[in-house]
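Lettering follows sequence order; numbering is per chain, from 1.
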Amino acid sequence: MKGKLVGMNGDRAVAYAAKQAKVDVISAYPITPQTIIVETLAEYVNNGELDAAFIPVESEHTALSAAVGASLAGARVFTATSSQGLALMYEILWIAAGLRAPIVMAIGNRALSPNINIHCSHDDAYAARDTGWLQFFAENVQEAYDLTLMAFRVAEDERVLLPTIVNLDGFILTHALEGLYVLEDAEVDAFLPKRKPINPIDPKNPKTYGPLDFTDWYMEHKRLQFEVYQKVGGVVREVFDEYEKLTGRHYQPVKTFNVEGADKAIVILGSSAGTARFAARKLAEKGMKLGVVSLTQYRPFPVAELRKVLESFDVVAVLDRSVSFGSPGNQLFMDVSTALYSSKKRPILVNVVYGLGGRDFTPLHVERIYAALEEVQRKGEAPEESLWVGLREG
Amino acid sequence: MSEASSFVLKSWREMPPGGIIPVPKTSLLNKTGTWRALKPVINQAKCIRCLMCWVHCPEPAILRGEDDSVAVDYDYCKGCGICANVCPVHAIEMVPEG
Amino acid sequence: MRWHGRGGQGVVTSSELLALAALREGKFVYHAPEFGPERRGAPVKAYTRISREPIELHSGIYEPSAVVVIDPSLQNDPSIASGLRKGGLIVVNAKSPGDVLLRSAQEKGAEVWYVDAYSIAMEVFGRPFYNTPMLGAFVRASNVVSLESVVSVAMERFSKDSKLAQLNVLAIRRAYDEVKKYE
Amino acid sequence: MELKTIKTLKEIPREEQFAPGHRLCAGCGIPQVVRLALKAVPDPKVVVNATGCLEVATTIFPYTSWGVPWVHIAFENAAAVASGIEAAFKILSKKYGVEKPKIIVFGGDGGTFDIGFQALSGALERGHDMIYICYDNEAYMNTGIQRSGATPKGASTTTSPAGKVVPGKLERKKNLIEIAIAHGIRYAATMNPAFPVDMYNKIVKAANTPGPTVLHYFTPCPTGWYFDPSRSIEVARLAVQTRIWPLYEYDNGKIRITVPVKEPRPVEDYFKLQGRFRHLLEPENKWLLEEIKRDIEENWQKLMRMAEQSK
C-alpha cells in the first residue's frame, strides 16, 4: 500500500480528502452522523490549513443552494449531509445535476424519520437515486477517503460535469476509526489539479443559468443530460485505473468475492459487504459457497458489469437497508431485477431487508440468508415476500 | 443580435451543458410589438426631453437619443400607455393600431 | 475489547488510543463508539477490534476477548461480562473487585485485573479522569500492544497541551505498574 | 470606488443591460427597478433571481433579456444561491485573482416574505455582500394572484377573495424593512417607481454599503390589482401620497423619510383605482376601511417617531 498510514474515523477521512482536494467552498449544515465532517473542515479553515470559504448556512436546503451557486461560479465545492438533511435538499438535488454543477457531497447514511433515528439505513441515498447525482458507496474508511478524492475527478471531468455523492454508513464508518493510507498533498495536487470550469459565471461573458424551459426545449435538455450517463462508466474506470497506479489500490464498479464456482450470491452495498465476506469465509469452512457482490458504483447503475457477474448464479439475495413502501420490491432489488430481466439466463432473486435504523448486521444474518437461498434453490421459485433479517422474534 | 440569432438557430444537440443560454439578450429576437393594440405617437415639437417616458418604460422600448430626444421602438412596445400617462406635457398620444 | 464507562469519562478516547497504538504496531484495527445520542453521565460503551489480518467485519462486538470497566460504579452490573469469551479478560477500576464481578468472571473462566484508578487520577490530575489510567492497566493485563506505543499515541493526542500530555502519560505508566491480577 | 448619487433623470446612464422582448405584462412595474439597478451598479455584477414573474418572463429558453450573468435555481433560495456565489467569488478572487462582482438579488414578495424568508435571514445574518431587492407586487402574481405575507389588509386575491362573509385579506402586511434591520445590516430602504431619482440613489447607496442591504420596491401590477396598465405610475405615486407606501431609508442606524408627505391624499383615491380594493368602498365594509386607515396612520406615526429619534 502506498501512502502514509494514519488512523481516522470515516468522517475525518472524508474531511481530510476534501482538504487535500483544496476545495474552494464548503457550504454545509450539521447533522448527525455527518457533523464531524463539517466540524473538521471548519477547523481546517479557521486554523489556516485550508484556504476555502466555509459558509455556515442555516439549513441543508441553503447548503445545497449555495453550493450550486458557488459551483456555477467556478469553485470546487464540497458539502455533506445525512438523512433528513438530504431530504430537505431534495428539490435542489435535481437542479444541481441538471445545471451540471460538479459538487461533491458526502452522505453519512442514516435512516429517515419517523421515528427519528440517527443510525444507518440507506433511505437517504436511495431517495436521491433518480436525481441525476452519481453515487459511490464506501465499504470502509479507506474507501471513504479514496472515493472522495476520485469523486472530484469524475464529477469535474468535462465529459461528465455531474454532482457526485460518496456514501458512508452512518456510525459504522462515520464514527469508526480504522487505519488508512493517505496520499501526500503534492500527489493529490497532481491527481486533482485546480478545477477548470466549463461556462462559469463571468461578467465579461454574460450567460443565463437556469432559465424557464417549456414544452419546446425541456425534453431535448433532458435527453442531453441523459446521454451523459452513458459515458460516466468509462470515465469512472479511467479514474479508478489512474488512482490504482498512484496508490496500488484497486477499484471497480462491481466488487466480487468468492463468485467462481458458486451458485448462490448476495448483492450488497456499503460497510456490510465486509461482514458478508467475513461470513462467506466462515461458510466456506463448512463447505458452503456464497459469492459476495458489492457495488462501489451505485449511480449510474453498472448494469453490464452486474449482469455479467450475476448471470451465472442460481439464486441471488439482494440486500436492501431500506424499504420502498408499496413498490414491487425494495430499491436495490428493483435495480438488480431490472438489470437482469433481459438476460437470457437469470438467477432467482430474493429480496432481503436488513439493518434498518442501525440494527446490527452480523455474520449470523448472512448464514440465515444462505439457508434461505438454499431453500429457494431447492423449491426453484422465488418467495413472494421479502425476507427481513435481524427482526425481533415474537 | 447576430450572436443571439446564431445561438437560437443551432441544433439542440449542440446546446451547451446545463440548459444555459450562453449568450446575452436573445430576447431581442422576440418582437413583442405584436402585442400592441394602441400605439404611442410622440409629438416631437411638444417633447421637452425630460426622459420621464424613457425611465418608466417597462420594456424598455423608448429609445434615448444623444440629445435626450426620445423615439418609440415599435418592435418591442406593447402599447401599455405608461409613457403617454407620465408625459408632463402630453406630447405622447395613444392611437389605435392599423 | 469492550469498554464500559459513563458519558464524559473518555471511554471513547481510551478505545481510540488503543486502536491507534495497535495501528502503530502494524496491526489492523476497528474502533467504534457505542452509537447513541451523546449524553453525559449515562453508561456508554466503546469497542475495539484488533487483528493481524485485515478487518472486514463491520458488525458490533458481542463476544469480546476483554472487557474494561472504566467507571468503578459499573463493576457490579451483571451485564458487564456478557458475551465475554471463555478465558477472557476483565480489567476493572476498583480498590478490589466486587463479588458480582468475580462470580461472573469465575463462570467464564476469565482473568480479573484491578487497579485503583480513582486514586491514581486524583493524585495525578486532581480530578477523576479514569480513562487513560485504565488504558495503561489494560495494556499491562492484555499485552495486546506495548506500553511505549500507547504512550506515544497519548503524547500525540494531547500534543496541544504538553502538561496534560505528561500527566496522561504519567497516569498510564502508574496504572500499568500498579494494576494487579486477582488471584 | 464610491458611486455617485444623482439629482435628475438626465444623470442616469444610458446603457441598457436589460433587453426588451421579454414577456412581462404590458404596464408591469418590475422592469423599472431592474433597469435602474443594472444602471446604478457598475460591472462586474451578477444577478440572482428567485422563481417568480421576473424570472419566468425574462428567460424563456432560448430567449433571455439579461445582458449580465443571471442565475436562477429555485423559488425559496435566491439569497442562499447569492451567498454561494458571493463566497465563491471572494475566495476565487483571493486565491486566483478573479475579479469579484457585486451581487444583486431579485425576489418577489412570495420569494422574500414567505418561502424565501429563511434563506434571506440566513444570508443577512452571515453578512454576504449583496443587494437584495424585493419587488413586491403584494401577492403571488406568477401563479395567479394568491395572497402572500406581503398582501395588504383588505386586498382581494384568489386565496383571500372578497366574499360575503370575509371581505378579502384580514391580516396586516409584514414589515420587511424592520425585519431586515433587526439583522444588524447597515442599509435598507423602500422604493417606488414613481420616484426614479429617489430609487436610483437608494440603489447607489446600497451598492456603496459593504455587506448585505435590502431594498423593498413597490411593484404596481395591472393584472393582479385590476387597473388599466397605462395608470401604473399613477397608482404607484398614490401609494406614496396616501402614506400607504412611505419612502424612507435606514442608513447606519438612522431612519430618514426621503419623500415627505405633508398633506396625505385620501386612501380612497388609491383604492378606487384598483379592483382588488374596490369592495372596501362598499358601505358594509366600512369597518375594514376604517381599520386600514388606522393601521396606515399608526405605521406613519411610528415611522415619524423613528425618524425623529434619528435626528
Practice problem: Select all residues of residues 361-368 of chain A having any heavy atom within less than 4.5 Å of some heavy atom of chain C, and report them by number, or 'none'. | Solution: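 Residues in range: A:Phe361, A:Thr362, A:Pro363.
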Quiz prompt | Part of residues 38-45 of chain A lying next to chain C, heavy-atom separation under 4.5 Å | solution =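 Near chain C, by residue number: none.
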Quiz item: Can you list every salt bridge (Lys or Arg N to Asp or Glu O under 4.0 Å) pair that touches residues 141-153 of chain C, not counting sequence neighbours?
Solution: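 Applying salt bridge (Lys or Arg N to Asp or Glu O under 4.0 Å) to every pair that reaches into residues 141-153 of chain C, excluding sequence neighbours, yields C:Glu148-C:Arg173.
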For [X], is the [atom1] atom crowded, meaning more than 12 foreign heavy atoms sit under 6.0 Å from it?
{"X": "A:Asn47", "atom1": "CG", "value": "yes"}
{"X": "C:Lys27", "atom1": "NZ", "value": "yes"}
{"X": "C:Glu25", "atom1": "CD", "value": "yes"}
{"X": "C:Tyr118", "atom1": "OH", "value": "no"}

Side chain from CB out, backbone as N, CA, C, O: work out which of these in [X] comes under 4.5 Å of a heavy atom of chain C, or both, or neither.
{"X": "A:Val6", "answer": "backbone"}
{"X": "A:Ser272", "answer": "neither"}
{"X": "A:Arg281", "answer": "side chain"}

A side-chain contact here means heavy atoms from C-beta on lying under 4.5 Å apart; do [X] and [Y] qualify?
{"X": "C:Leu17", "Y": "C:Arg157", "result": "yes"}
{"X": "C:Thr132", "Y": "C:Phe158", "result": "yes"}
{"X": "A:Trp388", "Y": "A:Tyr354", "result": "no"}

Self-check item: Side-chain donor-acceptor contact under 3.5 Å, C:Ser15 with C:Arg2
Solution: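 Note: C:Ser15 and C:Arg2 side chains miss the donor-acceptor criterion.
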Quiz item: Run the side-chain contact (heavy atoms from CB on, under 4.5 Å) check on A:Thr148 and A:Gln20 step by step: do they pass?
Solution: CA-CA 10 Å; A:Thr148 303; A:Gln20 288 192 305; over 6 Å; no
[Y] and [X] aromatic ring geometry - parallel, tilted or perpendicular at 30°/60° bounds:
{"X": "C:Tyr114", "Y": "C:Tyr182", "result": "perpendicular"}
{"X": "A:Tyr251", "Y": "A:Tyr243", "result": "perpendicular"}
{"X": "A:His122", "Y": "A:Tyr126", "result": "perpendicular"}

Quiz prompt | Residues of residues 54-72 of chain C with any heavy atom under 4.5 Å of a heavy atom in chain A | solution =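 If one takes a 4.5 Å heavy-atom cut-off, the residues of residues 54-72 of chain C near chain A are C:Glu56, C:Leu57, C:His58, C:Ser59, C:Gly60, C:Tyr62.
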Exercise. State whether the side chain of A:Ser83 and the backbone N or O of A:Ala111 hold a donor-acceptor pair below 3.5 Å, judged by distance alone.
Key: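 Between the backbone of A:Ala111 and the side chain of A:Ser83 there is a qualifying donor-acceptor contact (under 3.5 Å).
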Quiz item: Hey, is the main chain of A:Phe137 close enough, under 3.5 Å, to the side chain of A:Thr296 for a donor-acceptor pair?
Solution: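 Not confirmed, A:Thr296 side chain does not pair with A:Phe137 backbone.
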Quiz item: Highest number of heavy-atom pairs under 4.5 Å with chain A: which of C:Val153, C:Val12, C:Leu23, C:Thr48?
Solution: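 Greatest number of close heavy-atom pairs with chain A: C:Leu23.
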